[in-house]
Amino acid sequence: MAGKIRVELIKSTIGRKPDQVKTVKALGLGKINSYVELEGTPAILGMVRTVRHLVKVEEI
């Protein structure tokens, strides 16, 4: 997956582990239903995998 992906925050980070909260912020997400479009690099995909239970990912 080398194309662009759209990552949307669908669950709150309240009560989550600190590393998961930092990962969500590093992806550029803040509030619920916010989204960003990112390149599908291995580093970004690893970050998304860490918080996969909090986000929704679509390939664009």
Side-chain angles (χ1 to χ4, degrees):
M1 182 187 275
K4 293 192 82 132
I5 59 172
R6 177 179 169 166
V7 183
E8 181 178 359
L9 185 63
I10 57 170
K11 290 190 178 179
S12 174
T13 58
I14 294 174
R16 303 296 176 181
K17 294 181 180 179
D19 64 329
Q20 293 176 354
V21 176
K22 290 177 185 176
T23 301
V24 167
K25 289 191 186 299
L27 286 170
L29 300 168
K31 297 181 177 183
I32 295 178
N33 294 326
S34 63
Y35 66 91
V36 290
E37 293 179 359
L38 303 166
E39 290 294 325
T41 63
I44 296 296
L45 294 177
M47 292 169 72
V48 169
R49 190 174 302 122
T50 302
V51 293
R52 65 182 173 264
H53 56 289
L54 303 175
V55 299
K56 178 173 73 172
V57 181
E58 297 175 356
E59 188 174 357
I60 50 176

If you look only at distance, which donor and acceptor atoms sit under 3.5 Å apart when one is on a side chain in residues 43-57 and the other is two or more places apart or in another chain?
{"residue": "Thr50", "atom": "OG1", "partner": "Gly46", "partner atom": "O", "Å": "3.0"}
{"residue": "Arg52", "atom": "NH1", "partner": "Arg49", "partner atom": "O", "Å": "2.9"}

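- Here Leu38 contributes atom CG and Lys4 contributes atom NZ; the two are 7.5 Å apart, rounded to the nearest 0.5 Å.
- In terms of heavy-atom proximity, Asn33 sits nearest to Glu8 at OD1-OE2, 3.6 Å.
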Output side-chain donor-acceptor pairs under 3.5 Å for residues 13-29, partner residues at least two apart or in another chain, one line each.
{"residue": "Thr23", "atom": "OG1", "partner": "Asp19", "partner atom": "O", "Å": "2.7"}

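- Glu37 pairs by the salt bridge (charged side-chain N to carboxylate O under 4.0 Å, His left out) definition with nothing, not counting sequence neighbours.
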